[in-house]
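Note sheet for the following structure.
Naming convention: chains lettered A, B, ... in sequence-line order (proteins, then strands); numbering from 1 in each chain. Quick note: numbers below take in every heavy atom, side chains included, and nothing from hydrogens, waters or symmetry partners.
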Amino acid sequence: MAVVQEEREIAISVPVNKSEVVSSFRADDFAVPTGREEDWRFTPMRRVKSLLNPLPDSSGAKVAITAPDGVNVEWVESGDSRLGQVLTPVDRVSALAWEHVEQALVVTVPKGSTFDESILVEIDGSAASYSKIRIIAEADSSATVVIDHTGTGEHASNVEVSVGDRSRLVLTSVQDWDRSAVHLGRIHTQLGRDATLQQVVATFGGDTVRLVSTVGYDGPGGSADLFGAYFADAGQHLEHRLFADHDAPHCRSNVVYKGALQGEHAHTVWIGDVLIRAKAVGTDTYEINRNLVLTDGARADSVPNLEIETGEITGAGHASTTGRFDDEQLFYLQSRGISADIARRLVVSGFFADVIDQIPTESIRTRLWAAVEDEINLVGAEQSQ
Amino acid sequence: MAELVIRDLHVSVEGDEGAREILRGVNLTIRSGEIHAIMGPNGSGKSTLAYSIAGHPRYVITSGTVTLDGADVLAMSVDERARAGLFLAMQYPVEVPGVTVSNFLRTAATAIRGEAPKLRTWMSEMKESMETLQVDQSFASRNVNEGFSGGERKRHEILQMELLKPKIAVLDETDSGLDIDALKVVAAGVNRVHDKEDTGLLLITHTTRLLKQIPAQFVHVFGDGVIVTSGGPELAEQIDAEGYEAFAAVPAAGE
Ligand SMILES: Nc1ncnc2c1ncn2[C@@H]1O[C@H](COP(=O)(O)OP(=O)(O)OP(=O)(O)O)[C@@H](O)[C@H]1O
Ligand SMILES: [Mg+2]
């Protein structure tokens, strides 16, 4: 069952426009990526190799869910009709995970209901694994979902989200993997009329993490805030690819991703694609990626890309900055009595505050701040040697 | 009673063509309550002196001593010098993205005072200083120096001086970039701190404009890395009228 949208059957032009990307539920419709493809060119293919073909055993992760009463939680077979309604894989790894996952978790927030308590999905890896999560926030509902990744192994995931008309969903995805883990993931959110999404992606752990987060709109008034925080240490590759596909009028997207890097060969990649299609008049979009480089030898790639097919938009902008925490800033803070350690802490926590403090779930917020603290101690220890 | 003593200070910077000596034997003593002014042409080494006292890593001390009440300042790290009671209001204050003024000031005050100031009294202390220096309260939530105008940065420097209460403060061209009204506000702030805390001051300036508002008792003319001559306020008037050329030929003090 290959789903290839009409315009995609037209010969693909170069450079590939976002609207022409192939999507399919069948892994065989995608060639095994080599690293030369536009969307894999930053990824260290050698390190993600095991996920490029079907896993012999994909049961290497435990998935646990805690949800307040009133939220419906079901484990379903992969052929369930609610799966694949709004997400179609756009790369081979996502398609493999789609085809080969044994069961999917379906979380439904019923129509008109509101939950203050978070719905918590914990994915704890020990070996190779796939996961598929379907979140359905029905009309006029409000809920908070946290997906928390820990442990080790190789993991490929699909998270398929619908936010119904006038609903509000806060979705946090934490990648707090052990240092050796590999995670290639996709999250797609489809927004109904006047629906609101606040998404926070926080990636601190793992050897290689590559997340593709996409948003689409079914009607006017949809609003998406996509926040991200990542912290790469020596040798880590953390890649975040975003795509806001404005295909309905009067919708909004706001992307704010912040990353810190330290250590030899720490590598981060941020790709921010926004497409405003011809019918998406009145679109308001802004995307920004800021990177803070704390030591030599780290590299931050940042590529914002805005395609606009209509002149009638409310606003469209993007920005990308990569700054160094430099000796002059350190000197300035120290000259006011602040020790080098505290100065670094001040700068890094100030840098992340506006993203991490967006996370409504206190336990997660606290844990991320602790993770930031650990990272700072790491660089502090390195530099005082 | 604090005393900063600079003796025969030689300082180099590492440039593209190797080390270059910029300070060539500076002698100067500043005591609590005293107001000194250093005037001198561009590039003569005034900021180098200021940075060397504060401990900027780019400046290499090749010989000489700096002591504060007998303690070896040159052996201290930058933050230790500040905690010992030295302060430098910089000619070009640095932007620190991600750190708000209020967080910065409280962290600095905590470091200098050795304990976190009580939140209630701290808020009113900060508010009062901001009011007298005519720094809008909204600056508290802005990032340090980020997007500040030249004049705003200078006011922010003096705000820090007032809150950190140093024993000896070096003000590097705090007057440059200030309009006439702002200069009055800043000078009043400096005088207030001086009168209240008995701070020893070293003002680095190009004009007598500042010295009309902050009465320096001692004026030193700087030239080519040394103090060429020292005197009273009348020296500043003379420089204003005649420029630095008249001093160029004078050999270094102490020779
Ligand atoms: N980091 C550096 N690298 C190379 N040269 C430097 C450095 N810092 C200062 N210098 C040089 O040292 C000399 C003295 O500079 P300094 O900034 O101390 O002068 P100044 O008296 O403060 O000048 P101004 O009145 O313009 O502020 C100048 O020739 C300057 O170019
Ligand atoms: Mg100078």
Checklist outcome for this item: Highest number of heavy-atom pairs under 4.5 Å with chain A among B:Asn143, B:Val96, B:Leu88, B:Leu86 belongs to B:Leu88

Next on the checklist: Heavy-atom pairs under 4.5 Å with chain A: which of B:Thr107, B:Leu105, B:Thr100, B:Asn103 has the most?
Outcome noted: B:Thr107

Does any part of the side chain of [Y], heavy atoms only, come nearer than 4.5 Å to the side chain of [X], both counted from C-beta?
| X | Y | answer |
| --- | --- | --- |
| A:Phe331 | B:Pro57 | yes |
| A:Ser335 | B:Met90 | yes |
| A:Glu328 | B:Glu95 | no |

Checklist entry - What is the distance from atom CZ of B:Arg58 to atom CG of A:Asp327, rounded to the nearest 0.5 Å? => result 9.5 Å

Indicate the atoms forming the closest heavy-atom contact of [X] with [Y], along with that distance.
| X | Y | result |
| --- | --- | --- |
| B:Leu164 | A:Arg336 | CD1-CG, 3.9 Å |
| B:Ala111 | A:Gly337 | CB-O, 3.1 Å |
| B:Val94 | A:Gln329 | CG1-CG, 3.9 Å |

Item to check | Side chain / backbone / both / neither for B:Glu80 at chain A, heavy atoms under 4.5 Å | outcome: neither

Next on the checklist: Can you tell me which portion of B:Pro93 sits under 4.5 Å from chain A's heavy atoms? Options are side chain, backbone, both or neither.
Outcome noted: both

Take atom [atom1] of [X] as the centre, draw a 6.0 Å sphere, and report whether it contains more than 12 heavy atoms from other residues, nucleotides or ligands.
| X | atom1 | answer |
| --- | --- | --- |
| A:Arg290 | CZ | no |
| B:His10 | NE2 | yes |
| B:Lys118 | NZ | no |

Item to check | Portion of A:Ile342 that has a non-hydrogen atom of chain B nearer than 4.5 angstrom | outcome: side chain

Checklist entry - With respect to A:Tyr332, which candidate in B:Asn145, B:Val78, B:Val99 satisfies the side chain to side chain contact (heavy atoms under 4.5 Å, CB included) definition? => result B:Asn145

Item to check | Option that, when pairs with chain B are counted at under 4.5 Å, heavy atom only, ranks first among A:Val347, A:Val348, A:Leu346 | outcome: A:Leu346

Next on the checklist: Is there a side-chain contact (heavy atoms from CB on, under 4.5 Å) between A:Ser339 and B:Asp79? Walk through the geometry before answering.
Outcome noted: CA-CA 6 Å; A:Ser339 68; B:Asp79 48 307; 3.5 Å; yes

